[in-house]
Amino acid sequence: MTNQAIEDLKTYVGGLQDLGHVMGLLSWDMETQMPPAAADSRGKQMGILSELHHQRATADTLKHLLETAEATGSNAPVDKALLREVRRHYDHATKLPQAFVSELTEVTAKAHHVWVEARQKQDFSLFEPLLTKIVAMNRQQADYLGWEGSPLNALMDLFEPGLTVDEVDRLFNQLRAPLVQLVQAIGNSPHHATWPFDNERFAEAQQKELTVKVLETMGFDFKRGRLDKAPHPFCTNFSINDVRLTSRYHEEDPFSALLTAMHEGGHGLVEQQADMALERTPLPGATLGIHESQSRLYENILGRSLAFWTYLTPAIKAMYPECAAMQRLEAQDIFRLVNRVKPSFIRVESDEVTYNLHIMLRYELEKALIENQLQVADLPAAWNEKMQAYLGITPPNDSQGVLQDVHWSGGMIGYFPTYTLGNLYSAQFWHTVNQDNPTLNSDIEQGKLAVLTQWLRDKIHRHGQVDLPAGIVQRVTGQALNAHYFLDYLWDKYTPLYQLSETPSYKTTVS
Ligand code: ZN
């Protein structure tokens with residue numbers, strides 16, 4: 001029996017999805033193909049499309065279709081998820097007054113330019129007035145959306161539905177001390193790998209050839225996707241059958257483009273492996289946190305594992321027969337090279353151990369700002385203090401400190417925790433996939449990466465966003481999110497790599 005109210009809603013929402021995907025295609029083109037002189041006309045084209053999209057997303061027709069479908073109801077999980085997601089998007093699009101949205105667009109457009117200048121001049125005071133305004137407007141936005149506990153809950157919910165400060169605090173309190181301890185222990189270790197390449201160049205063509213081979217082995221379907229070049233790598237899609245990856249190539253480093261593409265490929269598989277029944281609904285794909293768990297699983301847990309390099313080392317050596325330094329490397333050497341850990345000022349250049357401390361610092365400062373515990377004027381000092389406490393280094397200037405990320409200038413507060421959540425989800429999923437597949441390690445050594453990809457498809461990707469993140473973790477792993485899986489993963493990997501002798505604090509103290 002078809003449910004006519006649900007079908008009518010699906011038809012309308014399908015058109016809205018199509019419009020969003022056309023805009024996505026124009027953005028993809030802007031990043032990868034468009035000649036620079038077309039920027040102005042493209043801006044106008046995007047402007048009119050986003051106006052149409054907003055009209056359609058806030059129209060009375062949608063309100064009516066949604067209310068009718070809600071009143072009719074459905075017991076099918078996909079229908080329930082559809083109603084939930086359409087309601088969420090509709091509420092977010094209509095709860096903010098139009099004047100507020102316009103002002104925020106204006107403030108953030110200006111803030112972006114000022115942030116670029118402040119970062120260039122290493123002068124936070126230039127950015128301070130606009131950031132103060134952005135924080136105030138975010139607090140206002142939380143009030144419009146409605147919140148309990150902390151205004152940050154309303155903002156985080158925009159990025160990871162259902163996420164609360166109580167939950168983030170619980171997880172970050174588990175992580176903080178053992179991560180700081182691990183960073184210090186690695187810092188004290190004399191067993192750091194040295195970079196073996198000096199003036200060697202690794203041509204883009206060869207790097208791309210190897211990247212495509214690995215993506216195919218992972219199960220990425222090039223009949224339903226592409227790989228192109230972009231200065232800031234990303235993944236986007238306009239259909240379950242049209243998924244676009246981008247990567248960038250550094251000719252002095254033979255590993256970074258590959259790992260970047262594996263990251264984006266992980267995002268791509270989430271989209272490509274969704275059930276076709278979800279096409280033209282908001283349900284394929286995943287929340288930011290779950291999405292990031294898949295990209296990091298492929299990039300870090302798989303791509304930086306000894307098993308993976310046992311498989312790939314012969315192929316990468318064959319790719320560069322002239323390079324003597326490459327010919328000397330064994331799997332174990334590359335494993336050490338791609339897992340170098342060193343505290344750095346810049347988040348996007350950091351490794352998988354220090355990365356989460358960068359995130360924690362940002363989250364704690366955002367929470368203090370939004371809850372009025374910290375003034376924007378005091379932010380640089382607070383930033384530097386936490387850098388010293390967590391990573392043992394103090395930025396020499398604000399450009400390498402508080403001014404480094406674009407997010408705040410764009411008005412985004414509450415986004416950062418999704419990166420660390422991704423790491424936590426990925427380690428817990430990894431634990432479960434290994435329990436279900438006891439020979440996974442040797443499969444990977446033989447290049448059978450599809451074993452992992454099929455498991456992820458069946459357990460996670462197929463279902464898209466039918467469940468919320470907490471429900472996915474519970475369904476797939478049989479328990480709630482627990483930071484100890486990630487801590488175990490890190491300590492088990494880095495203890496032999498750096499020949500550490502310490503016992504992690506979380507294993508000796510009761511928590
Ligand atoms: Zn990502």
Side-chain angles (χ1 to χ4, degrees), residues 24 27-28 31-32 156 158-161 163 168 211 214-215 218-220 225-238 240 243-250 255-274 284-305 308 338 346-360 362-363 404-407 410 412 414-430 449 452-453 456-457 460-461 464-465 469 472-473 481 486 489:
S27 307
W28 172 85
E31 302 282 333
T32 58
M156 291 197 302
L158 296 170
F159 304 114
E160 191 73 351
L163 189 64
V168 177
T211 297
V214 169
L215 285 170
M218 275 165 58
F220 185 80
R226 293 177 55 92
L227 171 67
D228 293 270
K229 252 170 88 169
H232 303 286
F234 63 95
C235 165
T236 185
N237 71 293
F238 322 119
I240 294 169
V243 179
R244 313 284 176 105
L245 313 178
T246 62
S247 191
R248 62 173 162 211
Y249 300 89
H250 300 290
F255 311 122
S256 87
L258 173 70
L259 291 165
T260 299
M262 289 176 79
H263 179 103
E264 300 308 334
H267 284 306
L269 287 170
V270 174
E271 302 293 341
Q272 252 184 6
Q273 301 205 100
T287 61
L288 288 167
I290 295 289
H291 237 300
E292 205 58 21
S293 77
Q294 303 303 290
S295 57
R296 282 159 193 254
L297 204 160
Y298 281 99
E299 178 194 355
N300 290 333
I301 299 185
L302 176 68
R304 292 186 158 87
S305 71
F308 176 76
V338 295
I346 306 297
R347 173 182 61 87
V348 296
E349 293 167 6
S350 65
D351 51 78
E352 62 175 338
V353 179
T354 55
Y355 189 89
N356 302 287
L357 291 165
H358 287 272
I359 296 301
M360 245 174 252
R362 285 156 177 75
Y363 164 75
Q404 68 183 268
D405 298 305
V406 70
H407 301 59
M412 290 203 295
Y415 186 102
F416 286 115
T418 63
Y419 293 121
T420 289
L421 277 180
N423 286 328
L424 302 187
Y425 293 138
S426 71
Q428 194 159 329
F429 293 146
W430 180 247
L449 310 184
L452 172 64
T453 300
L456 292 169
R457 182 193 65 201
I460 302 171
H461 305 167
Q465 305 185 61
I472 294 173
V473 175
L481 186 60
F486 181 62
Y489 157 73

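Read the numbers this way: they start at 1 and go in the same order the structure lists the ligands and their atoms. Since the model is a prediction, treat every value here as computed from it, not as a measurement.
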Without swapping roles, check the side chain of [X] against the backbone of [Y] for a donor-acceptor pair under 3.5 Å.
{"X": "T354", "Y": "S350", "value": "no"}
{"X": "E264", "Y": "C235", "value": "yes"}
{"X": "R304", "Y": "V338", "value": "yes"}

Is any side-chain heavy atom of E352 less than 4.5 Å from a side-chain heavy atom of E299?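 No, too far: nothing below the 4.5 Å cut-off.
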Output yes if H267 passes the N/O/S-under-2.8 Å test against the Zn ion (ligand 1); output no otherwise.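 Yes, H267 qualifies, because one of its backbone or side-chain N, O or S atoms lies under 2.8 Å.
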Closer than 2.8 Å to the Zn ion (ligand 1), do we get an N, O or S atom from H263, backbone or side chain?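 Short answer: yes, at least one N, O or S atom is under the cut-off.
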Tell me, which N, O or S atom in E292 is closest to the Zn ion (ligand 1)?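 The Zn ion (ligand 1) is closest to the E292 atom OE1, counting only N, O or S.
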